[in-house]
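Report on the following structure.
Computed from a predicted structure; not experimentally measured.
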Amino acid sequence: MNSWEFLNANIWIMIFVALPMIFVLLFLTIWATILLIKTQKLFVTTKWVQVKPEDPKLPLIDYIVRDKLVYGQLHLLRDHFSAHVACVISLHNGGKFNNGLSVQKWTLTHDCAADGHITFYNKGLKFKEQLVSQSEWIVECISKDEFFFSVENMDESSAWRREFVRNAIQHAFLRLVETDENPELVIGLFFRNQKSEEDFKFSKHIIREYSDRISSILKTGADQSWQEN
């Protein structure tokens, strides 16, 4: 019996048994591959499909505890330097233009103020979803890791100069937090009184320590070790 005769004799077996088995095995292989990608937190993109790992969802109470810990660290940092405002500014991707270029933005996510002071006027509008490229003080911090600036030395045409004057801010010290060389957060201390860069000469390490703590809390969620300190 040659191959053609064998094919004719077993054609129905191949159609109703072999082919379904092949499709089942193919489906199981694809399903197992997707499951592996998601469980191992891999990001795969092809011409036909994009598979992203599912981000772990924290229970609401963990979000509340996490933010409470962040605010606690901010208050301690602000108190140590007698700043009028301390805040966390999160850097994020703001989407893409039609030409494919990505847009980098920043948003103020956590802040606190000294007794008798407010943080910023209209912060939900003025300090949310702002372009990094149009915020020269954020650009300077990202490029230098640490940046002290005086509002009076900002360009007269700067919209941010006018905004800081409106909020009675005179000086600020900013600290960048990176993960794997990827800019992640900016921790800011803002002052409504006279300050100089020399005031931070021997205490920059304290800002770095608090910045790293805040970054760790935001990434890991509620951590018992922070509650014990």
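- Checked by atom type, the side-chain pair Thr179/Glu184 shows a donor-acceptor distance below 3.5 Å.
- Ring geometry, Phe164 versus Phe127: the interplanar angle falls from 30° to 60°, so the pair is classed tilted.
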Residues Leu91, Ile142; criterion side-chain contact (heavy atoms from CB on, under 4.5 Å); working and verdict: CA-CA 10 Å; Leu91 305 172; Ile142 293 174; 4.1 Å; yes

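- Under the 4.5 Å side-chain heavy-atom criterion for grouping Ile, Leu, Val, Met, Phe, Trp and Tyr, Phe190 is connected to Ile138 within one hydrophobic cluster.
- Here the CG atom belonging to Leu176 is positioned 9.0 Å from the OG atom belonging to Ser211, to the nearest 0.5 angstrom.
- Summarising the geometry of Arg66 relative to Leu218, their closest heavy-atom pair is NH1-O, 3.7 Å, with the distance given to 0.1 Å.
- For the pair Val151 and Ile169, the tightest heavy-atom approach, listed with the atom from each and the gap, is CG2-O, 3.2 Å.
- Grouping the Ile, Leu, Val, Met, Phe, Trp and Tyr side chains by contacts below 4.5 angstrom, directly or via other members, places Leu125 apart from Val132.
- Taken to the nearest 0.5 Å, the CZ atom of Phe148 stands 10.5 Å off from the NZ atom of Lys204.
- Not a single donor-acceptor pair under 3.5 Å links the side chain of Asp180 to the backbone N or O of Asn182.
- Judged by distance alone, with hydrogens and angles left aside, the side-chain atoms of Arg78 form no donor-acceptor pair with the main-chain N or O of Val85 at under 3.5 Å.
- Each of Glu156, Arg162, Arg161 was evaluated against Ser158; a single residue qualifies, Arg161, per the side-chain contact (heavy atoms from CB on, under 4.5 Å) test.
- By the 30° and 60° cut-offs, the orientation of the rings of Phe149 relative to Trp137 is tilted.
- What you find for Ala83 and Ala114 is that their closest heavy atoms are O-CB, 4.0 Å.
- The backbone N or O of Gln130 lies less than 3.5 Å from no partner atom in the side chain of Gln134, so there is not a single donor-acceptor pair.
- Nearest heavy atoms, Arg192 versus Asn167: NE-O, 2.8 Å.
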Applying side-chain contact (heavy atoms from CB on, under 4.5 Å), run through Gln170 and Lys195 and close with a yes or a no. CA-CA 8 Å; Gln170 297 185 35; Lys195 282 286 178 182; over 6 Å; no

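- Proximity of Gln104 to Leu131: side-chain heavy atoms (C-beta onward) are nowhere separated by under 4.5 Å.
- How far OH of Tyr121 is from CZ of Arg166: 7.5 Å, rounded to the nearest 0.5 Å.
- By the 6.0 Å contact criterion, NZ on Lys68 is open, its count of non-hydrogen atoms from other residues, nucleotides or ligands being 12 or less.
- Hydrophobic clustering (ILVMFWY, side-chain heavy atoms < 4.5 Å, transitive): Val65 and Val88 are in one cluster.
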Decide side-chain contact (heavy atoms from CB on, under 4.5 Å) for Trp106 and Leu185; before the verdict, give the C-alpha distance in whole Å, the side-chain angles of both, and the deciding distance to 0.1 Å. CA-CA 9 Å; Trp106 62 267; Leu185 301 171; over 6 Å; no

Checking Leu108 against Thr119 for the side-chain contact (heavy atoms from CB on, under 4.5 Å) test, could you report, in this order, the C-alpha distance in whole Å, the side-chain angles of both residues, the deciding distance, and whether it holds? CA-CA 11 Å; Leu108 187 150; Thr119 53; over 6 Å; no

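- Val186 and Leu189 sit in two unconnected hydrophobic clusters of ILVMFWY residues. Membership requires side-chain heavy atoms under 4.5 Å apart, directly or through other members.
- Although no hydrogens or angles enter the test, the distance criterion places no donor-acceptor pair under 3.5 Å between the side chain of Arg208 and the main chain of Arg175.
- Thr107 has its side chain within reach of Lys128: a pair of non-hydrogen atoms, C-beta onward, lies under 4.5 Å apart.
- In this structure, Glu136 and Trp160 have side chains that are in contact, with non-hydrogen atoms separated by less than 4.5 Å.
- In summary, the aromatic rings of Phe81 and Phe173 are positioned with their centroids too far apart to meet the 6.0 Å limit.
- Of the possible polar contacts, one joining the Thr29 side chain to the Leu25 backbone as a donor-acceptor pair under 3.5 Å is found.
- Of the inter-residue distances, the one linking Lys123 atom NZ with Ile118 atom CD1 reads 9.0 Å to the nearest 0.5 angstrom.
- Residue Val139 is not grouped with residue Val103 when hydrophobic side chains (ILVMFWY) are merged at heavy-atom distances under 4.5 angstrom, including chains of intermediate members.
- Ring orientation note: the planes of His84 and His117 are tilted relative to one another, at an angle of 30° to 60°.
- Closest non-hydrogen pair, Asp67 versus His110, comes out as OD1-NE2, 3.0 Å.
- Applying the side chain to side chain contact (heavy atoms under 4.5 Å, CB included) criterion to Lys144, with sequence neighbours excluded, gives Glu140, Phe147.
- For the atom pair Asp79 CG and Cys112 SG, the distance stands at 8.0 Å (nearest 0.5 Å).
- Side chain of Asp199 to backbone of Ser196: a donor-acceptor contact under 3.5 angstrom is found.
- Within a 6.0 Å radius of CG in Asn98, no more than 12 heavy atoms belonging to other residues, nucleotides or ligands are found.
- Taking NE2 of His171 as the start and CZ of Phe191 as the end, the distance is 9.5 Å to the nearest 0.5 Å.
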